[in-house]
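Have a look at the structure below, then the notes.
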2 protein chains.
Amino acid sequence: MDGPSRPGPSDRAASGHDARWLDADEQRAWRAYLRMQGRLAAALNRQLQLESGLSPADYEVLVHLTDTPEARLRPYELQWALQWEQSRLSHHLTRMRRRGLVEREECSEDGRGAFVVLTEKGRQAITAAAPGHVGVVRRFFFDGFSREEVALLERLSTRILDRLDNADAGPEADPR
Amino acid sequence: MDGPSRPGPSDRAASGHDARWLDADEQRAWRAYLRMQGRLAAALNRQLQLESGLSPADYEVLVHLTDTPEARLRPYELQWALQWEQSRLSHHLTRMRRRGLVEREECSEDGRGAFVVLTEKGRQAITAAAPGHVGVVRRFFFDGFSREEVALLERLSTRILDRLDNADAGPEADPR
DNA sequence: GCAACGTAGATGACGCGTCATTTATTTCCA
DNA sequence: TGGAAATAAATGACGCGTCATCTACGTTGC
């Protein structure tokens, strides 16, 4: 993913969007962010894959399951927790089931639904993967940041998240 | 991707990694960052896809090509600029070529190599896509951030990037 | 009681990204 | 000069994520 940096002519005229170009500062910041996030994600991915055969997505699912007393959740609960698209979750659970990390259990109260249950293998996998993963997160993300910077980062992230949430439900914008 | 939040037992003992757990603040910050980046990437992806049929990856490649006087680059130059894995770039260029966004041209100076050339269709695609893309970046990322916050964000990103770079070349020194 | 609608979840097709491997060419040097 | 090593790039296999669509069960209201 890259940024909206002067793609050719310094055009204007958008399809209802605000099309002010990014200025030099914004452009540098955006590019730095994009590159950072791409490379950080790749590094996390690589480490997890190599050390434990899990993907970041697997890790996330397993974290939520182990965070749950009974280690079992309805898919829609998981979906809510992860904020993933429904079909992504469904596909992913299928793959994890195939690899024995989770199991599917029918739900008696609701004939449409199911439970995702953590298997012993799944528990072992995340237990084994966690320390190394934390280490990498620390090494690349937290080390060298002060408490204030960490706090600020959380605030900025949250602010963007709010915008995204509001946009999803949000104003039908641009009646132009 | 999710975070290293207490996945079961508060283990320690890593394979050479630092395995200190994340404290509550760090955990919140990390989770917020992860969720933000995932959803922001998804939003950018969706917008580009819907409005212009481009992926963020396409966009990036096209930006770099249009930033180049002759609108043609050697794949390895593109790779350097994008910091992508070689095979990712190769696959991606194949797909873009199939869709007529770029063309391949043999390289006379180096029989192994080639040039990636922007096509007219490619130029039109990014010209059409850019305003809307910038709009979304602005709406979700920059609006509501002050100049200082933008600057800070760039600094934090850059700092993480430096770590990633140093890790790639690694403790085993860079011979240059 | 049943039609209309809503909700839980699965599936197929397709583009993307990674690792491992392969092919072709150039460079280096003994 | 000839062979080893390095470099440019492509490819196959495979897991991931998205959209569109589908199935099946539940809920509501007449």
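Quick caveat, the model's predicted, so the values are computed rather than measured.
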Determine: side-chain N/O of B/R112 to OP1/OP2 of C/dT25, distance under 4.0 Å, yes or no.
no

Going only through I, L, V, M, F, W and Y residues with side-chain contacts under 4.5 Å, is there a path from A/W21 to A/Y33?
yes

Report the residue (A/Q79 or A/N45) whose heavy-atom-nearest nucleotide on DNA chain C is the more 5′ of the two.
A/Q79

Parallel, tilted or perpendicular for A/W30 and B/F141, by the 30°/60° rule?
perpendicular

List DNA chain C stems (3 or more consecutive Watson-Crick/G-U pairs, under 3.5 Å)?
C:1-30 with D:1-30

Atom-pair distance (CD on A/E85; C1' on D/dT18), nearest Å
6 Å

Under 3.5 Å, is there an N or O donor on one side and an acceptor on the other linking the side chain of A/Q86 and the base of C/dA8?
no

Measure from NE2 on B/H92 to C1' on C/dC14 and round the result to the nearest Å.
14 Å

Identify whether any heavy atom of A/H91 sits under 4.0 Å from a base atom; if not, whether one sits that close to sugar-phosphate; answer base, sugar-phosphate or nothing.
base

Look at the side-chain N and O atoms of B/S55 and state whether any lies under 4.0 Å from the OP1 or OP2 oxygen of C/dC16.
yes

In whole angstrom, what separates B/R39's CZ from D/dT18's P?
12 Å

Quickly work out the B/L89 CG to D/dA10 C1' distance and round it to whole Å.
11 Å

In whole Å, I'd like the distance from the CG atom of B/L54 to the P atom of C/dC16.
10 Å

Considering only C/dT18, D/dT18, C/dT11, which nucleotide approaches the side chain of A/A42 most closely?
C/dT18

Check ion pair B/R147-A/D23 (N to O, under 4.0 angstrom)
yes

Per atom distances to the A/S87 side chain, the nearest of C/dG9, D/dG17, C/dT11 is C/dT11

For the salt bridge (charged side-chain N to carboxylate O under 4.0 Å, His left out) test, which of B/E106, B/E103, B/E105, B/E77 pairs with B/R72?
B/E105

Measure the distance from CZ on B/R74 to C1' on D/dA9 and round it to the nearest whole Å.
10 Å

Tell me whether the count of non-hydrogen atoms from other residues, nucleotides or ligands lying under 6.0 Å of CD in A/E70 goes above 12.
no

At under 4.0 Å between heavy atoms, what does A/Q49 touch on the DNA or RNA strands: base, sugar-phosphate, or nothing?
nothing

Strictly below 4.0 Å, heavy-atom distances to any atom of DNA chain C: list the hits from residues 97-110 of chain B, or just say none.
B/R99, B/D110

Side-chain heavy atoms nearer than 4.5 Å, only ILVMFWY residues, links allowed to pass through others: does that put A/L153 and B/L152 together?
yes

Hey, are A/R99 and A/D58 close enough for a salt bridge, meaning a charged N less than 4.0 Å from a carboxylate O?
yes

Rounded distance (Å) that lies between atom P of C/dT26 and atom OH of B/Y76:
13 Å

May I ask you to decide whether B/D162 forms a salt bridge with B/R159, counting only side-chain N to carboxylate O separations under 4.0 Å?
no

Starting the side chain at C-beta, find the nucleotide from D/dT18, C/dA20, D/dC16 nearest to A/D58.
D/dC16

Value rounded to 0.5 Å, distance of NE2 in B/H91 from CH2 in B/W84:
12.5 Å

Quick one: is the NZ or CZ of A/R74 closer than 6.0 Å to the six-membered ring centre of A/F115, and within 45° of its axis?
yes

I need the CZ-C1' distance between A/F115 and C/dA8, as an integer number of Å.
12 Å

Could you tell me whether the phosphate oxygens of C/dC16, OP1 or OP2, come under 4.0 Å of any side-chain nitrogen or oxygen in B/R95?
yes

